[in-house]
Amino acid sequence: DTGVSQDPRHKITKRGQNVTFRCDPISEHNRLYWYRQTLGQGPEFLTYFQNEAQLEKSRLLSDRFSAERPKGSFSTLEIQRTEQGDSAMYLCASSPRAKGPRGEQFFGPGTRLTVL
Amino acid sequence: QQPVQSPQAVILREGEDAVINCSSSKALYSVHWYRQKHGEAPVFLMILLKGGEQKGHEKISASFNEKKQQSSLYLTASQLSYSGTYFCGTELPPFTGTASKLTFGTGTRLQVTL
């Protein structure tokens with residue numbers, strides 16, 4: 001297993017366009033997270049899946065954002081009608097099933113989005 | 001609420017020691033520490049559990065003071081490879097509706113020089 005992968009690594013789009021990112025977690029990791037990171041800041045939680053169920057979504061997340069994990073494997077994050085404020089690094093992380101305290105989260109390389 | 005990290009930045013000479021602190025205003029279940037190099041993804045270092053457990057990773061160790069809701073990361077005999085931004089991520093107790101998400105601090109930028 002080579003770790004968490006994300007595609008694309010970079011995306012440049014014009015304001016108002018829709019974009020979709022993909023995340024492939026480490027196989028057998030049932031937990032998957034999406035974070036957003038802007039320059040000089042720590043990752044900010046967006047949403048969380050356990051298997052195919054989306055269990056939590058940040059209240060800060062606009063309705064323009066939607067995420068899916070249809071078969072409990074890969075996940076997609078879609079941003080509709082992009083705005084310049086959406087420009088950021090979008091990180092995906094996965095972690096294995098764990099009892100008690102949650103295990104470490106393994107991060108992917110991220111997708112850097114630039115909205116012009 | 002975002003945990004507060006201090007200092008914001010530190011410059012060390014190779015071989016020197018450093019301490020990075022992470023404080024929360026909420027009762028925590030665990031604290032995670034990550035290091036991120038420029039342009040790369042965060043890399044997991046360790047998890048600290050409530051109860052004051054101290055975990056080690058090579059020459060990097062950490063502690064968690066449950067009474068103060070504060071974690072400290074100790075870097076001893078720093079190496080050039082330690083350079084990067086260190087983030088703490090805090091986890092609230094189960095059944096608080098937080099689904100194991102991590103809330104990250106603003107980071108501490110560490111630069112190790114020769």
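Lettering of chains follows the sequences in order, A, B, ..., and the numbering in each one begins at 1. If you're wondering where the values come from, they're calculated on a predicted model, not measured in any experiment.
Heavy atoms of B:Gln5 lying under 4.5 Å from chain A are absent altogether. Contact annotation for A:Gln37: only side-chain heavy atoms (C-beta onward) come within less than 4.5 Å of a heavy atom of chain B.
Shortest non-hydrogen contact noted between B:Thr106 and A:Gln41 is CG2-OE1, 3.8 Å.
More than 12 non-hydrogen atoms from other residues, nucleotides or ligands lie less than 6.0 angstrom from CZ of A:Arg64. Counted within 6.0 Å of CG on A:Leu39, heavy atoms from surrounding residues, nucleotides or ligands total 12 or fewer; the atom is thus considered open. Sparse packing is recorded around CD of A:Glu68, with 12 or fewer heavy atoms of other residues, nucleotides or ligands lying under 6.0 Å away. Few gaps surround NZ on A:Lys57; more than 12 heavy atoms of other groups in view lie less than 6.0 Å from it. The environment of B:Lys68 atom NZ is sparse: at most 12 non-hydrogen atoms of other residues, nucleotides or ligands sit within 6.0 angstrom.
A search for salt bridge (Lys or Arg N to Asp or Glu O under 4.0 Å) contacts involving B:Glu16 returns nothing, not counting sequence neighbours.
Interface check for chain A: of the options B:Gln2, B:Glu40, B:Arg109, B:Gln36, the most heavy-atom pairs under 4.5 Å are formed by B:Gln36. Among A:Gly42, A:Gly108, A:Gly40, the residue making the largest number of heavy-atom pairs under 4.5 Å with chain B is A:Gly42. When the candidates A:Pro43, A:Ser58, A:Gly110 are compared by the number of heavy-atom contacts under 4.5 Å with chain B, A:Pro43 comes out ahead.
Taking hydrophobic clusters as Ile, Leu, Val, Met, Phe, Trp and Tyr residues chained together by side-chain heavy-atom distances below 4.5 Å, A:Met89 does not share a cluster with A:Ile79.
To the nearest 0.5 Å, the span separating OH on B:Tyr34 from CZ on A:Phe107 amounts to 5.0 Å. If you take CD on A:Gln105 and CZ on B:Phe44, they are separated by 9.5 Å, rounding to the nearest 0.5 Å.
Checked against B:Leu102 for a side chain to side chain contact (heavy atoms under 4.5 Å, CB included), the options A:Tyr48, A:Phe45, A:Tyr35 give a single hit: A:Tyr35.
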